[in-house]
Engineer: 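The structure's right below; bear with me while I get my questions together.
Reminder, nothing fancy here: chain letters follow the sequence lines and each chain counts from 1.
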Amino acid sequence: MLDKNFNPKSFEKNFSFDIEASRRKADGDPFMVLLPPPNVTGSLHVGHALCFTLQDILARYKRLKGYDVLFQPGLDHAGIVTQLLVEKQLYDRGAEKGSVSREALLKEIWFWKESSACAVIEQLKTLGISCDFSRLRFTLDEGSKRAVAKLFVKLYNDNLIYRGERMVNWDPQIRSAISDLEVVEKEVDAQQWYIKYRLEDSNDAIVVATTRPETIFGDVAIAVNPRDRRHKKFIGKNAYVPLIDRLIPIVADEYADSKKGSGAVKITPAHDFNDFEVGKRHRLPIINIMNDRGELNGAVPEIFQYMDRFEARRVVVDFIEKKGQLVKVENIKHMAPFGDRSGAMLEPLITNQWFLDAARLAIPALEVVRNGQVVFSPKHWENIYFEWLNDIKPWCISRQIWWGHQIPAWYGPDGQLFVAETAEEATQKAVNFYGKNSVELVQDNDVLDTWFSSGMWPFIVLGWPQNSEEFERLYSNMMVVTGFDIIFFWVARMIMMGIYATGKVPFKNVYIHALVRDEKGRKMSKSKGNVIDPLVLCEAYGADAVRYTLASMSSPGRDIKMNQKSIEIGRNFLTKLWNAVRFAQINSCLYCSEFDVNSVKHPLGQWIVQKIKTMILDVEVAVENYRFDEAIRLIQQCVWNSFCDWYMELIKPILQSDSLVVAKNCSTNSSVQNTLLKKDIRDVTGWAILQLVRVLYPFTPFIAKKLSGELEVTDMSWPDAAAIDIDGSDSLRCIGRLQEAITSIRSMRQCLGVSPSEKLEISVESASQELIDVVAEYGDAFSRMAGVSVVRDIAGQSIPLVVDSGIIHVGFGDRIDVVEEKKRLNEIKKKFVQIKAESQKKLRNKNFLSKASADVVQEHNDRVKTLNERITQLDHAIKSLELI
RNA sequence: GGGCGCAUAGCUCAGCGGUAGAGCACUACGUUGACAUCGUAGUGGUCGUAGGUUCGAUUCCUACUGCGCCCACCA
């Protein structure tokens, strides 16, 4: 028997994670969900909780449906983030910066990774994410390493990977290159200095505006716009770079914008992406003045050497000012690039890096989305995908850090490059190349961008490059659920690399879920302190409630604004469900396996069976369309409204009374009939609860498991709605009549301020035979729910209550205010007349009749007819009031 | 500068070419044997603005306004 109090902690913790249940089934159609591997660094946020919950709903739903489901878990080594984190821990423990060797650091990270991985998995389990944890993979495990090396070599041999000196975004804090995607632009307060560059052979000077005066040592030209009259005279002349008096040419280039700054721009090809291009066009030299720490290097005058870039900026400005070459300073706001991980201001820097020719891989990746082989939901994310891939730049894949896949490239003593899957292979190549017996090779120090291995994840986890049966079965049959922020980072790369490596798309469906924001709609971030920890929510409300609420708020194309209190939506619903099942238990409504739902004869039973059948079918559609919000709404409505508010209230008299009014046409021994009826209702109720629990299982697995256990049912399969075949239309109409009558009486009671404890007399003599029958059949429930006793003749005065099926007379003793009551009825009539008039107007419109669909015309005809009846009844009721 | 999304009840959001919905909040009443994490009944909306298409527009189209986001630009 269930406890009186619903306490999720009492059972959620008790369910040790069921690995068996999360394993694949041999039969069934294949379906795979690829969990976006969370960073091994740590704690999951609500966004993860949402993302994983939605995937888990899909995985569990498909399992119940009989699919062969693989829900593949994994962890990402998250190169830069993890290395920074562990380094910081080491420094915090007293290690000196720069003193830790590569081997020592890697050892430390591997050690730390073990415990962190466990913590992440525990969080997944707490949320009830039913991955097959026996198959847990890590993006830096041996299998991943082999696959990465293999693909790298293949790409290299196909000239899709190359090494070269290019300008990249450089993070001076991490001291590594990063990819364009890892650059975040932020608006910053800055200053713009106007500096005089003296001209050669003249006392004249040209004024150049710059926000980066420290880079003047790398200046190789000044560019002006050829159509800029102010500067035309300077073109072809030379100017002296301040402080160092190096002569540089003044060139004409469209890049110079006469509206910006002074109209003349200094060209520093080594430290600006645009200047680099201008430099190439004019064959200008490249002078690199910065080292990898963002300090000025040996190419600058000695006093500036090893000076930090920001310090150098101040000093340079100071010197220029003293020399009288500073014209003015402006305070401006402008966008500057920062590293998304370190937060440091980035430097464009020319370095030797490895690049992937993404543009070539993008061609088929674009095609598969265009032709519908891969479908995004919601659809509009495809535009974002196209936009990025259409203009994709070479991807810088090398990082100057240690934690990651070390690049499978080796150098000979003379710098000769050998790219191979293993050191042995590389050595063999070198031996052949040099014609010697042995060669000492040095492996490239760099590691690959973390997203390189992430992009290979769909086939890595399926054992690529081995072409297993599993791979054949599941690859291309998977589903990816993720946030829009990693469409470029991850989704696009999985498609590109998947097609390249295997010739097939890794998945057909990508569902992009909402972004979880705080209650004010701000993005959650540690610095704002508005982060909600899903574990805290699970602790407070239970994991089911968290899952339920997140799913209910997950409507497409809209971000989720949430606060902790919103989890009450789920908690309250589950409490209601819990109590409903408790009620069933108290009344011995258990699931009976011999029970045949199609044999249900009692209208109440037919009614709830019908409601549940419809709900199941609708939920199926909703889930298949990733409308998790819709699914939750449907379930909640069925459970709370149909099952609890109506069905359970209506069956109470049958279950609880020994002397119930015998159903119509039951002429034989009434106690025998009672017992049969009770048994019938109990069976239906037990059956109904089991269906509700099964439908809820994908969404709220813990409570579903607990409740199905209470019903002594272990088999969890999705209810087969198609097998439910009863004609419940009469029951639906009949219970509908009952509902309307009860609601109307309750409403009138409230309106007249009659205490709920006071029984009212009603008479249904003027109603249709159908309503008379229904009231007779459900007399007890009716009396109880409406707080009335049904009589033939009302003792005192009565008010006519007009419902769909006729007039119910309600006795109100001497409380009746005839004038008020007439007014009320007239208001209702007025509304009906108005609606009727609208329909009639349409029906008089020839265009409407000829152009509107037959259904709609019929609907309006029916409406007019129904309203006529009700208006007649209202008139009748008003007239009867006048007789009082 | 280019693009995308959103605008519906006090709040959070569904919906939809044919009589505007839910949850929360609010008001009134209520602890009748599943449930106060509850029940019953209510209050509350010219569906952002202006045009257009249509027999009919909250729904489709266009423009505009406001909010949010992505990409690009960075002297």
Engineer: Classify the side chain of A/E649 versus the base of B/rA34 as yes if they form a donor-acceptor pair under 3.5 Å and no if they do not.
Structural biologist: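 Per atom types, the contact qualifies.
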Engineer: Would you classify A/M648 as touching base, sugar-phosphate or nothing, given that sugar-phosphate means primed atoms plus P, OP1 and OP2, and contacts are heavy atoms under 4.0 Å?
Structural biologist: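 Since a base atom lies under 4.0 Å of A/M648, the category is base.
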Engineer: Using side-chain heavy atoms (C-beta onward) and a distance below 4.5 Å, is A/W193 in contact with A/V316?
Structural biologist: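 Side chain of A/W193 against side chain of A/V316, heavy atoms only: no contact under 4.5 Å found.
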Engineer: Mind checking ring-ring contact (aromatic ring centres under 6.0 Å, His included) for A/F573 and listing every partner two or more places apart, or none if nothing turns up?
Structural biologist: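 Once residues adjacent in sequence are excluded, the partners of A/F573 under the ring-ring contact (aromatic ring centres under 6.0 Å, His included) criterion are A/Y548.
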Engineer: Starting at atom CD1 of A/I560, determine the distance to atom C1' of B/rC11, rounded to an integer number of angstrom.
Structural biologist: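 After rounding, the reported distance stands at 17 Å.
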Engineer: If we ignore hydrogens and angles and just use 3.5 Å, is the side chain of A/R309 paired with the main-chain N or O of A/R212 as donor and acceptor?
Structural biologist: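 Side chain of A/R309 to backbone of A/R212: no pair is present.
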Engineer: Calculate the interatomic distance between A/M748 atom CE and B/rU40 atom C1'; express it in whole Å.
Structural biologist: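 Between C1' of B/rU40 and CE of A/M748: 16 Å.
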Engineer: Taking atom C1' of B/rU32 as reference, at what distance in whole Å does atom CG of A/L760 sit?
Structural biologist: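 The answer, rounded to whole Å, is 15 Å.
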Engineer: Between B/rC38 atom P and A/I569 atom CD1, what is the distance in whole Å?
Structural biologist: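 The answer, rounded to whole Å, is 12 Å.
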Engineer: At 4.0 Å (heavy atoms only), tell me whether A/D272 reaches a base, stays on the sugar-phosphate, or touches nothing.
Structural biologist: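 Touches nothing.
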Engineer: Which whole-number value in Å describes the distance from A/L515 CG to B/rC13 P?
Structural biologist: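 Roughly 13 Å, once rounded to whole Å.
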Engineer: Looking at B/rC13, B/rC38, B/rG18, which one has an atom nearest to any side-chain atom of A/S555?
Structural biologist: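 For A/S555, the side-chain atoms sit closest to B/rC13.
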Engineer: At under 4.0 Å between heavy atoms, what does A/C644 touch on the DNA or RNA strands: base, sugar-phosphate, or nothing?
Structural biologist: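 A/C644: base contact, heavy atoms under 4.0 Å.
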Engineer: Please state how far atom CE in A/M335 lies from atom C1' in B/rC73, giving the value in whole angstrom units.
Structural biologist: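 So the CE-C1' distance, A/M335 to B/rC73, works out to 9 Å.
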Engineer: Starting at CG of A/L867, measure out to CZ of A/R863 and round the result to the nearest 0.5 Å.
Structural biologist: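 The distance works out to 7.5 Å.
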Engineer: For atom NZ of A/K759, decide whether the heavy atoms of other residues, nucleotides or ligands shown that lie under 6.0 angstrom number more than 12.
Structural biologist: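 Check passes, neighbour count above 12.
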Engineer: Can you figure out which of B/rU37, B/rG23, B/rG5 approaches the side chain of A/T575 most closely?
Structural biologist: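 Of the candidates, B/rU37 comes closest.
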Engineer: To the nearest angstrom, how far is A/E387 atom CD from B/rG2 atom C1'?
Structural biologist: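 Answer to the nearest Å: 8 Å.
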Engineer: Side chains of A/T268 and A/D219: donor-acceptor distance under 3.5 Å anywhere?
Structural biologist: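 Indeed, the side chains of A/T268 and A/D219 share at least one donor-acceptor pair under 3.5 Å.
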Engineer: Please work out if A/E568 contacts a base, only the sugar-phosphate, or nothing of the nucleic acid, heavy-atom cut-off 4.0 Å.
Structural biologist: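 No contact.
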Engineer: Taking only the side-chain nitrogens and oxygens of A/K565, find out if one of them lies under 4.0 Å from OP1 or OP2 of B/rC24.
Structural biologist: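 Checking B/rC24 against A/K565, no side-chain N or O comes under 4.0 Å of OP1 or OP2.
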Engineer: Taking the minimum atom-to-atom distance to the side chain of A/H380, which one of B/rA41, B/rC55, B/rG5 wins?
Structural biologist: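 Of the options given, the side chain of A/H380 lies nearest B/rG5.
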Engineer: Which nucleotide, B/rG18, B/rU8, B/rU37, lies nearest any side-chain atom of A/R571?
Structural biologist: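 Closest nucleotide to the A/R571 side chain: B/rU37.
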Engineer: For A/Q656 and B/rA34, is the shortest distance between a side-chain N/O and OP1 or OP2 below 4.0 Å?
Structural biologist: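 Indeed, a polar side-chain atom of A/Q656 lies that close.
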Engineer: Side chain to side chain contact (heavy atoms under 4.5 Å, CB included) with A/L696: which of A/L577, A/L707, A/I632?
Structural biologist: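 Between A/L696 and the candidates, side chain to side chain contact (heavy atoms under 4.5 Å, CB included) is satisfied uniquely by A/L577.
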Engineer: Go through B/rC55, B/rC69, B/rC35 for me and flag the one nearest to the A/F484 side chain.
Structural biologist: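 Nucleotide nearest to A/F484's side chain: B/rC69.
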Engineer: Considering every strand and a 4.0 Å limit on heavy-atom distances, what is the contact class for A/R212: base, sugar-phosphate, or nothing?
Structural biologist: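 No contact.
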Engineer: Are any non-hydrogen side-chain atoms of A/I195 and A/V207 less than 4.5 angstrom apart?
Structural biologist: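 Side-chain contact under 4.5 Å: no.
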Engineer: Nearest to the side chain of A/K851, which nucleotide is it out of B/rU19, B/rC35, B/rC55?
Structural biologist: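 Among the listed nucleotides, the one closest to the side chain of A/K851 is B/rC55.
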Engineer: Could you tell me whether the phosphate oxygens of B/rU19, OP1 or OP2, come under 4.0 Å of any side-chain nitrogen or oxygen in A/S839?
Structural biologist: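 It does not, given that no N or O in the side chain of A/S839 lies less than 4.0 Å from OP1 or OP2 of B/rU19.
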Engineer: Touch check for A/R746, heavy atoms < 4.0 angstrom, all strands: base, sugar-phosphate only, or nothing?
Structural biologist: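 Result for A/R746 = sugar-phosphate.
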Engineer: Indicate, with a heavy-atom threshold strictly under 4.0 Å, whether A/S566 touches base, sugar-phosphate, or nothing.
Structural biologist: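 Nothing, no nucleic acid heavy atom in range.
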Engineer: If you compare every side-chain N and O of A/W640 against the phosphate oxygens of B/rC35 (OP1, OP2), does one of them come in below 4.0 Å?
Structural biologist: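 Negative; the distance criterion is not met.
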Engineer: Using heavy-atom distances to pick each residue's nearest nucleotide on RNA chain B, tell me which of A/E630 and A/I835 is more 5'.
Structural biologist: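 Nearer the 5' end of the strand: A/E630.
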Engineer: Is any N or O donor-acceptor pair between the side chain of A/K576 and the base of B/rC35 shorter than 3.5 Å?
Structural biologist: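 Donor-acceptor pair under 3.5 Å: yes.
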Engineer: Under 4.0 Å between any heavy atoms, over every strand shown, what does A/K846 touch: base, sugar-phosphate, or nothing? Just pick one.
Structural biologist: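 Counting heavy atoms under 4.0 Å across all strands, no contact is made by A/K846.
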Engineer: Taking only the side-chain nitrogens and oxygens of A/N572, find out if one of them lies under 4.0 Å from OP1 or OP2 of B/rC38.
Structural biologist: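 Indeed, a polar side-chain atom of A/N572 lies that close.
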Engineer: So if I take every side-chain heavy atom of A/F488 and compare against B/rC35, B/rG68, B/rC71, which nucleotide ends up nearest?
Structural biologist: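 The answer is B/rC71.
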Engineer: Does a side-chain N or O of A/K561 approach OP1 or OP2 of B/rC11 to a distance below 4.0 Å, or not?
Structural biologist: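 No, because none of the side-chain N or O atoms of A/K561 sits under 4.0 Å from OP1 or OP2 of B/rC11.
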Engineer: With RNA chain B as reference, determine whether A/E519 or A/T743 sits nearer its 5' end, using the nearest nucleotide of each.
Structural biologist: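 First, find each residue's nearest nucleotide; the 5'-ward one identifies A/E519.
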Engineer: Would you mind reading off the distance between A/R522 atom CZ and B/rC69 atom P, rounded to a whole angstrom?
Structural biologist: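 In whole Å, B/rC69 P lies 13 Å from A/R522 CZ.
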Engineer: Going by atom types only, do A/H380 and A/N383 share a side-chain donor-acceptor pair under 3.5 Å?
Structural biologist: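 No, because no side-chain N or O of A/H380 sits under 3.5 Å from a partner of the opposite role on A/N383.
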Engineer: Over all strands shown, is A/D855 touching base, sugar-phosphate only, or nothing at heavy-atom distances under 4.0 angstrom?
Structural biologist: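 Contact class for A/D855: none.
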Engineer: OP1, OP2 of B/rG5 versus side-chain N and O of A/R558: anything below 4.0 Å?
Structural biologist: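 No, because none of the side-chain N or O atoms of A/R558 sits under 4.0 Å from OP1 or OP2 of B/rG5.
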Engineer: Mind checking which stems touch RNA chain B? I mean at least 3 consecutive Watson-Crick or G-U pairs, both distances under 3.5 Å.
Structural biologist: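 Expected stems, ordered by start: B:1-7 with B:65-71, B:10-13 with B:21-24, B:26-30 with B:38-42, B:48-52 with B:60-64.
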Engineer: Consider the side chain of A/E185, meaning its heavy atoms from C-beta on, and name the nucleotide among B/rG23, B/rC73, B/rA34 that approaches it most closely.
Structural biologist: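 The nucleotide sitting nearest to the side chain is B/rC73.
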Engineer: So which nucleotide from B/rU19, B/rG39, B/rC35 ends up closest to the side chain of A/R582?
Structural biologist: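 Output: B/rC35.
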Engineer: Given B/rC70, B/rG33, B/rC38, identify the nucleotide with an atom nearest to the side chain of A/I384.
Structural biologist: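 Side chain of A/I384 sits closest to B/rC70.
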Engineer: Is there side-chain contact between A/L650 and A/F782, with heavy atoms separated by less than 4.5 Å?
Structural biologist: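 They are not in side-chain contact.
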Engineer: Do any side-chain nitrogens or oxygens of A/R627 fall under 4.0 Å of OP1 or OP2 in B/rG15?
Structural biologist: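 Answer yes for this pair, as a side-chain N or O of A/R627 is under 4.0 Å from OP1 or OP2.
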Engineer: A/A256 near the nucleic acid: base, sugar-phosphate alone, or nothing, with a heavy-atom cut-off under 4.0 Å?
Structural biologist: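 Here A/A256 touches the bases of the nucleic acid.
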Engineer: Any side-chain heavy-atom pair from A/N225 and A/D253 closer than 4.5 angstrom?
Structural biologist: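 No, side chains not in contact.
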Engineer: For A/E330, which contact category applies under a 4.0 Å heavy-atom criterion: base, sugar-phosphate, or nothing?
Structural biologist: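 Contact class for A/E330: none.
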